[in-house]
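Data block below; observations after.
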Amino acid sequence: VEGAWRASRYLDSSFAIVKAADFPGVQIYANSQLVAKTDANGEAIVPRLTGFLPGRLAFEAEDIPLEGVFRENFRTVKIPTRMGALVDLGIRRLISATVTLQRADGRRVPAGSIARFEGATEEFPVARAGRVYVSGLQRGKPNPVSVKMGEASCRASIEVPADFASGASLGPFTCN
């Protein structure tokens, strides 16, 4: 599937290869029955699906760490008899943090300001003491953010350490 080999027991009926981002150990259910757990790559093979009939593939939401974001914890699939399908469960890894922003003069960015990552449409309101809760950070590269403070604006670059745990605090970062 997608140029990669997967090992499985003999498959004589419909099957699915499910993808749960890159989260290992996520329990996968087929029609409310536990059938697999994801491997180190976040993938699992779901055998013995009924061909041409709707089937429900679900995952245990509590198995997804804080960095995981999803809308629903199931997908309905129809797979032809003795065929396979790749099913993305719609889980994304988003690193989030409470970031403290300060201006070049050392004062905190005022509450009510709006922060936005470059190239993104989502806006994050700044709270008291220059703190803003953001999601969508990436490790290992700068995360440029622009801040609009009424008529004024500034830019900062948020660096996320390699060992950072999602949901913790970062900063302060200077907004020039």
Side-chain angles (χ1 to χ4, degrees), residues 2 4 16-29 34 36-44 56-77 85-176:
E2 291 189 342
I17 297 175
V18 297
K19 181 82 175 145
D22 59 349
F23 299 120
V26 177
Q27 297 176 74
I28 305 297
Y29 297 86
L34 178 63
K37 280 189 176 183
T38 57
D39 61 14
N41 298 320
E43 299 173 349
R56 183 177 170 120
L57 298 177
F59 62 90
E60 185 63 57
E62 292 180 2
D63 291 345
I64 306 299
L66 288 175
E67 293 180 6
V69 177
F70 57 91
R71 289 190 183 270
E72 299 174 324
N73 72 328
F74 69 92
R75 292 280 190 265
T76 302
V77 296
L86 182 63
V87 179
D88 185 347
L89 295 174
I91 304 168
R92 297 179 327 180
R93 180 182 292 272
L94 289 180
I95 300 171
S96 59
T98 300
V99 176
T100 303
L101 298 172
Q102 65 185 18
R103 295 187 256 191
D105 62 6
R107 293 183 301 154
R108 302 296 167 131
V109 169
S113 301
I114 300 295
R116 179 185 295 160
F117 288 113
E118 285 185 4
T121 57
E122 188 173 9
E123 295 180 338
F124 303 98
V126 177
R128 291 186 312 189
R131 290 183 296 198
V132 57
Y133 182 81
V134 296
S135 63
L137 295 169
Q138 296 181 26
R139 287 187 179 101
K141 67 181 209 176
N143 295 277
V145 63
S146 60
V147 180
K148 187 165 169 99
M149 304 174 287
E151 297 296 319
S153 64
C154 62
R155 296 171 40 92
S157 182
I158 300 170
E159 300 284 336
V160 180
D163 61 346
F164 180 75
S166 191
S169 296
L170 289 171
F173 295 96
T174 302
C175 192
N176 296 312

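Predicted, not measured: the structure shown is a model, and the values here were computed from it.
Taking the side chain as every heavy atom from C-beta outward, Tyr29 and Arg56 never approach each other to under 4.5 Å. No side-chain heavy atom of Ser169 sits under 4.5 Å from any side-chain heavy atom of Arg131. Between Phe23 and Arg93, some side-chain heavy-atom pair lies under the 4.5 Å cut-off. Counting only heavy atoms from C-beta outward, the side chains of Phe124 and Phe117 approach each other to under 4.5 Å. Counting only heavy atoms from C-beta outward, the side chains of Leu89 and Phe70 never approach each other to under 4.5 Å. Residues Val18 and Leu57 are in side-chain contact: their nearest non-hydrogen atoms beyond the backbone lie under 4.5 Å apart. By the 4.5 Å heavy-atom criterion applied to side chains, Cys154 and Met149 are counted as neighbours. Contact of the Ile91 side chain with the Phe59 side chain is registered, since non-hydrogen atoms from C-beta on lie closer than 4.5 Å.
Here the straight-line distance linking atom CD of Glu62 with atom CD of Gln27 works out to 9.5 Å at 0.5 Å rounding. Put simply, CZ on Arg103 and OG1 on Thr174 are 12.0 Å apart, with the number rounded to the nearest 0.5 Å. For the atom pair Leu170 CG and Glu159 CD, the distance stands at 10.0 Å (nearest 0.5 Å).
A side-chain donor-acceptor contact under 3.5 Å links Thr38 to the backbone of Gly25. The closest donor-acceptor contact from the side chain of Ser113 to the backbone of Val126 lies at 3.5 Å or more, if one exists at all. Judged by distance alone, with hydrogens and angles left aside, the side-chain atoms of Asp39 form a donor-acceptor pair with the main-chain N or O of Asn41 at under 3.5 Å. Asn143 places a side-chain N or O within 3.5 Å of a backbone atom of Gln138 that can act as its donor or acceptor partner.
When the shell of 6.0 Å around CZ of Arg139 is examined, it contains more than 12 heavy atoms from other residues, nucleotides or ligands. Within 6.0 Å of CD in Glu123 there are more than 12 heavy atoms belonging to other residues, nucleotides or ligands.
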